[in-house]
Each structure stands twice: as structure tokens, then as C-alpha cells.
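A short worksheet on the structure shown next.
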Amino acid sequence: MSFGQMPIANNFLNESDKKNEYFFEMAVGFCNNCKTFQLLENPEPEMMFNDTYAFFSGTSEYMKRHFKDFSEDLKQKYLQEIQDPFIVEIGCNDGIMINNFKELGFRHVGIEPSGNVADVAISRGINVLKSFFNAEITSSIEKDFGKADLITSANVICHIPDLNSVAENVSHLLSQNGVFVFEEPYLGAVIEKTSYDQIYDEHIYVFSAIGLRNSFSRHGLKLINLEPQLTHGGSMRYHFALEDSDHPISKNVEDIVNLELAQGLDKPETYEQFKENCEKSKSDLVKLLTKLKEQGKKVCGYAATSKSTTVLNYCDIDQELIEFISDTTPIKQGKLSPGKYIPIKKYEEFSAFDPDYAVLFAWNHEKEILAKEKDFSEKGGKWIKFVPTVHVNG
Ligand code: SAH
Ligand code: TMP
């Protein structure tokens, strides 16, 4: 399935950058052999992860709490008995997760290729190596610190094109009973909710347990546990350990794999249906916004998420239908949205504009946002949502 020409999702631009904007064809495929669902073509990682990366993890209070609970749980499950544990985080961004291990006084290293977000983590006193996760950095960490008792990551592994190298490097770096625990947006949720906006340049894979187990077992890693998460509209936390480690396999693994089989995540027909659902979602959203425009309603977007780049470009929605998008991230403000050039404005402009309708692009943060924006709903403002289907919700 092709979503058409797509720009870099987080490349918010100035007027003068428009003529040189980069586009690629965003098509996805399902591999009938290893059962992964992934992009067929992807831009070079350096185009997205560099010194002007626009996503700072710490913008969400909810996610801060989530990562505190995540690290606490990892400590309880795996680090209690280990003397002087060593923790590695792949893609630590501004330190939202690894900071919790730093606060506990644990030896730690974060690996982060995007310089600007890495600098925020460094300024908080976190040990960060500015690099992609690859064989060289793995060897240098092993040389300087030894093997890792815990390798963790969140919303990063799906960004790394060479999945085999991830598994290979993780197996080298893990101590004999070390664990690799990471979470990612979940394919089961994307299929169930038609949340096609989880697919963009950075998200090369949308993982299922079946697909990851197949891919990682080739490199001596066994899937020992699975824990569904509510974050990012439905995520899965995967626990892997070395094949010959002492870790038993939790019954959750079999239970969730059975649910995936029942959902048809291993079958091409499921993805053919997904394609039809995406096309319907696109046509419903465009019809709704066109009708509101004809009625003279004031419509803006809420949160310039990377996901919104997929929605706007796939549905061909521009400033004609959505006047602007408000966002709390300073480096996005004053810029234009990738590909469709909708202006991004300060958060304060949202209430100043007094919209009739707001498209909730950060639908994964709905609880937090709706609580914060009670005034908007009380004044009669309406939210437009497109997951799981296009609907208006006062
Ligand atoms: N873990 C954070 C950040 C997710 S954003 C959170 O969940 O909020 C993805 C991060 O992965 C970015 O900071 C990006 O720079 C980093 N990243 C991308 N490719 C990477 C790679 N190959 N190795 C390590 N980090 C990578
Ligand atoms: P994400 O969906 O990829 O996590 O991106 C979140 C984006 O949404 C980020 O640009 C910040 C923005 N945002 C707001 O503008 N207001 C909010 O209340 C929240 C939670 C996020």
C-alpha cells in the first residue's frame, strides 16, 4: 500500500526551505516470511536524527510518569539481586527515562544520535554517547563499562532500519543473565484502530510479537515476556534475554501470540482490509473538513505531531481546511508543517483563535489534553478525532 509522496515528518520548515523539501514514496509491505510490517523505502537516518531533531520526550507530563513507573518496574524485576548494575538506553532523547536510573546512582549510558536532545540529557548530568546504536559503539561501551545487565529503549527500535544488527549488537552487549526490554507502538493496535498515522519516515517497522520473535530468535535472543501498554495509542513492551540465560518464558508470551493469530496479524488479508480502512478514513476526514469549511466554521489543529504529517499529506489537507496547528514545542512554532505548509503557532493561539472545531492530532495524549482544555469544550468547541474512525466529539 502506498500513502503517496511523504516529506520528513518532523522537518518543520521556513518559507524559504519549501523549494528544497525532500519527499519519498511512503509505501508499506507485509513480509509473509518473517511476518514483519514495514516501510519499503526509508530516508537515510541522518536526515531525521541530527542536531535539529524536533521531538523532545519531556513535553508530556504523562510520559514522564510513565517512564518513572517503567524504570521502577525494571529495577524490581531485574536489578534487585545485581551488585552495581550497568544500564544502557538506546535512544535516550532528553533523558526522560534514563534519568531515573541516574537518580538511583546506577552506572548508566544513554546512546543518542540527535545532538540537540542529547545535550538536554547531558545538561542533566546523564552520561550520553552521541551516536547511533551500532557495532562500533557497542564495542566501545563494552570496553569502557563491561557487559550490560539491562538494555532498555522506548519508541526507538522501530526507527532502526537494520533489525538484524540491533539483535546482533544487543546479544553481544548483554551479560549472561542480562535483559533487553523495550516498548514500541503496537501493530495489533494500529490494525484494530486504523491508526495509520503511526506510519511515517522514522517508524520503519510497526512490530508484533510474532514478527519480532522471528527476527530476534535468529540472533540468539528469546522472547521471555510481553506487557501491553496504553502509551502512544497502544504499545507493547517486549522482554528479550539470551537463549541460554536462566530466564523462564512467561505465559503472557503464548497468550499474546495467540491473540495475534486470532487477529490475523500473520496473514496478508488483514493488511488488505487495513488498506481499505485507511482509504475510508481519508475520505471521511476530507468530507467532514470540507463541509465545515463550506459552513464557515473556524477549524484549527491541536499538536503538530509527527503523526499529523502522515495524515495531512496522505489526505492532502492544507491551510484551506485547517487554518493553523498549535503546539507547545518552541522549535516547531513559527514554522510550516512538512509538505502541506500549515502554519504552526504557539499554544496560546489556540484559545485566542476561539475555534469551533479542533482536529486532535495528539490523540494518543487525549486524556491529558482534554483535561487541560476543559474551557474549550465548555464554550461549545468540538474535537475532531480520526481514530478509530472519523468522528466529532463535543
Ligand atoms: N525514548 C524516547 C525518545 C523516542 S524518539 C521516548 O520514548 O520518548 C526516538 C529517539 O531515537 C530520538 O531521540 C532519535 O534520535 C533516537 N534514535 C533514532 N535512531 C537511533 C539509533 N539508530 N540509535 C539510537 N537512537 C536512535
Ligand atoms: P507525539 O504524539 O509524537 O508524542 O508528539 C507530541 C506533540 O504534541 C509535540 O509536538 C508536543 C505536542 N503537544 C501539545 O502541543 N500539547 C500537549 O498538551 C501535548 C501533550 C503535546
Side-chain angles (χ1 to χ4, degrees), residues 9-10 12 42 44-64 66-67 70 88-99 109-121 128-134 137-138 151-163 165-166 169-170 182-185 195 197-198 200-204 229 231-233 235 301-311 325-333 335 337 344-350 358 360-373:
N10 266 312
F12 293 86
N42 59 276
E44 287 300 314
E46 289 78 4
M47 292 190 68
M48 302 169 279
F49 310 118
N50 48 45
D51 291 346
T52 57
Y53 187 58
F55 177 73
F56 289 75
S57 300
T59 48
S60 165
E61 289 304 318
Y62 176 85
M63 291 308 288
K64 276 189 205 161
H66 171 78
F67 285 120
F70 186 3
V88 173
E89 183 180 0
I90 306 172
C92 67
N93 198 279
D94 57 12
I96 191 168
M97 163 94 166
I98 201 164
N99 186 49
V109 166
I111 305 168
E112 177 49 65
S114 300
N116 59 335
V117 294
D119 284 338
V120 177
V128 182
L129 298 173
K130 288 189 186 176
S131 168
F132 287 94
F133 180 57
N134 53 31
I137 203 78
T138 307
I151 303 177
T152 185
S153 189
N155 311 302
V156 175
I157 303 304
C158 70
H159 297 61
I160 308 182
D162 188 349
L163 202 52
S165 79
V166 172
N169 294 329
V170 163
F182 62 99
E183 58 186 39
E184 306 284 320
S195 44
D197 57 342
Q198 283 292 2
Y200 52 90
D201 54 2
E202 295 181 25
H203 288 179
I204 292 164
Q229 304 295 315
T231 47
H232 294 300
S235 296
Y302 195 100
T305 57
S306 14
K307 298 187 291 294
S308 67
T309 296
T310 295
V311 177
I325 304 173
S326 69
D327 195 282
T328 50
T329 315
I331 67 169
K332 295 184 185 177
Q333 297 161 359
K335 299 265 174 70
S337 77
I344 312 301
K345 297 197 175 172
K346 280 195 189 132
Y347 165 63
E348 292 73 21
E349 304 274 338
F350 172 68
L360 185 60
F361 287 117
W363 58 268
N364 50 314
H365 298 291
E366 172 170 348
K367 227 170 130 191
E368 179 170 354
I369 292 172
L370 265 53
K372 199 162 72 178
E373 302 302 347

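Start at 1 and go down the list; that is how both ligands and their atoms are numbered.
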Proximity of N155 to ligand 1 by residue part, where a heavy atom lies under 4.0 Å: both
Nitrogen or oxygen of S114 less than 3.5 angstrom from that of ligand 1: yes
For S57, atoms of ligand 1 separated by under 4.0 Å from a heavy atom: 2 (C), 3 (C), 6 (C), 8 (O)
contact_flag P45 ligand 1 heavy-atom lt 4.0 Å: no
Numbering as shown, the atoms of ligand 1 that approach E112 to under 4.0 Å (heavy-atom distance): 12 (C), 13 (O), 14 (C), 15 (O), 16 (C)
Nearest heavy atoms of K332 and I344, plus distance in Å: O-CB, 3.2 Å
Heteroatom distance test (K332, ligand 2): nitrogen or oxygen, under 3.5 angstrom: yes
Atoms in ligand 1 flagged as close to F55, the criterion being non-hydrogen separation under 4.0 Å: 5 (S), 8 (O)
Identity and distance of the protein heavy atom lying nearest atom 8 (O) of ligand 2: A303 CB, 3.4 Å
Nitrogen or oxygen of T328 less than 3.5 angstrom from that of ligand 2: yes
Identity of the nearest option to atom 18 (O) of ligand 2, non-hydrogen atoms only, from K372, Q333, K307: K372
Per-atom contacts of ligand 2 with N364, taking only distances under 4.0 Å to non-hydrogen atoms: 2 (O)
Ligand 2 to E368 polar contact by distance, N or O atoms, under 3.5 Å: no
Proximal ligand 1 atoms for I90, defined as those under 4.0 Å from one of its heavy atoms: 24 (C)
M63 near ligand 2 by a heavy-atom separation under 4.0 Å: no
Check: E202/S306 side-chain N/O donor and acceptor closer than 3.5 Å: no
Exercise: do S195 and D197 side chains pair donor with acceptor under 3.5 Å: no
F55 near ligand 2 by a heavy-atom separation under 4.0 Å: yes
Nearest non-hydrogen protein atom, atom 10 (C) of ligand 1: V156 CG2, 3.8 Å
Contacting atoms of ligand 1, where contact means under 4.0 angstrom from a heavy atom of F133: 21 (C), 22 (N), 23 (N), 24 (C)
Shortest protein contact, atom 19 (C) of ligand 2 (heavy atom only): I369 CD1, 4.1 Å
Identity and separation of the nearest protein heavy atom to atom 4 (O) of ligand 2: H365 NE2, 3.1 Å
Under 3.5 Å: N/O of A154 near N/O of ligand 1: yes
Atom 6 (C) of ligand 2: the protein heavy-atom neighbour that sits closest, reported with distance to 0.1 Å: T305 CG2, 3.8 Å
E89 CD to M97 CE distance, which is reported to the nearest 0.5 Å: 5.5 Å
Where ligand 1 meets F67 - atom numbers and elements under 4.0 angstrom, heavy-atom basis: 6 (C), 7 (O)
Within-cut-off N or O pair, S326 and ligand 2, under 3.5 Å: no
Pair Y53, E112: side-chain N/O donor-acceptor within cut-off below 3.5 Å: no
Minimum-distance protein heavy atom relative to atom 5 (S) of ligand 1: Y53 OH, 3.6 Å
Which segment of D327 sits under 4.0 Å of ligand 2 when only heavy atoms are counted: both
